[in-house]
Amino acid sequence: MTDLHSHLRARLLTAVTELGLPRAEAESLVRLDPPKNRDHGDVALGTFQLAKLAGKAPPALAAELAAKITADAIVESASAAGPFVNFRFRRGALAREVLSAIQGDLAPYGKARSNGQIVCIDFSSPNIAKPFHIGHMRSTVIGNSLCRIHRHQGATVHGINHLGDWGMPFAKMMTAYMRWGNEQELHKSPMRYMFDLYKRYGVEVKQNPALDDEAAAHFRALESGADNQERRMWRLLRDESLKAFQGPYTRLGVTFDHVTGESFFEDKMEAAMQRVTASSVLEDSDGAQVVWLKELGIKEPCLLRKSDGTTLYHTRDLAAAFYREQQFHPTRILYVVGAEQKLHFDQLKGVLTKMQEPIAKAVEHVPFGLVLSKTEDGKWEKFASRAGNAVFLDEILDESVAKVRSIIREKNPDLPNADEVAEQIGVSAIVFNDLKNSRIKDVKFDWDAMLNFDGETGPYVQFACARLSSILRKVGTQVPSVDAIDCDVLADAERVLLVMMDFGTAVQRAAEQSEPSHVTAHTIALAGEIHSYLRDHYVVGQEAKVRDARLVLVDAARRLLTTGLSLLGIKAPERM
Ligand code: ARG
């Protein structure tokens, strides 16, 4: 919260208490949001819930509150509009408070002190021995941004890569490798080789269904815990996959606090099963063990152990939930996984709820939509590369970087370190495109739109940053401290300042709703406002008083855009 917000909030809390409302309950209901229409005010308070608490009609309460908030050194006016109260800050105070907080790197612009939250974020989590599914790319990008957003908000974050390195899908891969693979070929190009084997399995199993029995037998051998051929194979394929995933992770600036895949829970599943048994929700079903969840509105039971004694994806997620609870004491566990796994996470939460485990409340599935690509005849359909529904993430990043490199060659042939800049822009164009719209929407993978330097794109926001850096370089003097400038000069920059002021709300919403698009939208808005401000307000060549004030503004915009981009996992180049 900015100082402007906290000042106004404090006054509002005093006012509601004077009107006889219980302060403790009012506390969470006094929320100041950007109004729908900026002409109405700088911030607005919706009085619906407060009015309920007061037993009054919202418009009546709004009018009473507006009357109580008289002007002071910070607040210029308050006015009721139906159930809302709109507030306007004094322009000098707006500039001073916003700019000095940005310059001082204070929250919400800089990282907040601890907010007491502990957030586990389960993201990326590809299956080993297979290339990244395009959905894993979305999970990686969204999860990485959520880690950064929650850290910024002062939470303790545990970013977890719950690798798919156990279970039947992996056993199939192993079967293919044992039948048709060899280690020499594997080392040449591990992911492609494994993927080819996996595809071959898919083809051959249609002719020969017994392959699935073979895979099941290999999985039993692996789960037996013995140091056998299966175990050695598992280690080899896991190591090769991890090495291959590291490439895109590095390029995307993604790190994990814990790489604890499904195999990590191998020795923790028995205890988890005992806990389920003890809570007496486990039922027998033809020799398998399930938990029925009908009373929670979930038709299909959650299968935790098959009749041959082996465990499942679910069993490991249950063990993982208990493990995380005991290790990290999380307030929230976010599972950044595609919408197609909704049932899986409903069931996981359902089992924990039925067991009356407190951790059930912390479990939150963070679903997202598909990636679509354009077909030859211009229709949008589920993203598919030559290799079927899988992609080599590295190839996609390379393609984007190559396209940017040729744009730079055309537009700015003398740019020093052009390769480095092309890498930054190419990678971030994809990231930005992914985080631009609300995550549940499908993402259109359209090169022209993604790489358009004038559209609502990563390159556009990065370009805004570079332009601000270039102005600062041109002026050449040090950016003065906010205390040393005349803030009234910036009355003409109120639109820029108001967007800056909204940053805290955007980040807070992003954290609450697991929705990085609020941050993306903020960077677009700020880049747009500062661009249009600078169109007819020059910095270079102005008298000192004006130049200094605008210099502070430009520097603040550059800092805030850089922060916004970094919350998305995107770097801001100095030149481009
Ligand atoms: N490996 C899984 C898949 O590719 C995603 C795992 C998501 N995380 C989890 N805790 N289940 O579908």
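No hydrogens, no waters, no symmetry mates; every other heavy atom, side chains included, goes into these values. Here, residue 1 is the first one in the sequence, and each next residue gets the next number. Each ligand, and each atom within it, is numbered from 1 in the order the structure gives. Please read these numbers as outputs of a predicted model, since none were measured by experiment.
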Run the side-chain donor-acceptor check on residues 284-294: report pairs under 3.5 Å with partners two or more places apart or on a different chain.
residue: D284; atom: OD2; partner: G287; partner atom: N; Å: 3.3
residue: Q289; atom: OE1; partner: R305; partner atom: NE; Å: 3.1

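The stretch residues 358-372 participates, sequence neighbours left out, in these side-chain hydrogen bond (donor to acceptor under 3.5 Å, both in side chains) pairs: R332-E364.
The aromatic rings of Y201 and Y198 lie parallel to each other, their planes meeting at an angle below 30°, with 60° marking the opposite boundary. Between H158 and F328, the two ring planes are parallel [angle under 30°; tilted spans 30° to 60°].
Closer than 4.0 angstrom to ligand 1 sit non-hydrogen atoms from D122, S125, N127, H136, H162, Y313, D317, Y335, V337, Q341, F345.
Applying the salt bridge (charged side-chain N to carboxylate O under 4.0 Å, His left out) test between R192 and each of E395, E240, E185 identifies E395 as the sole match.
Not a single salt bridge (Lys or Arg N to Asp or Glu O under 4.0 Å) links D446 to another residue, sequence neighbours left out.
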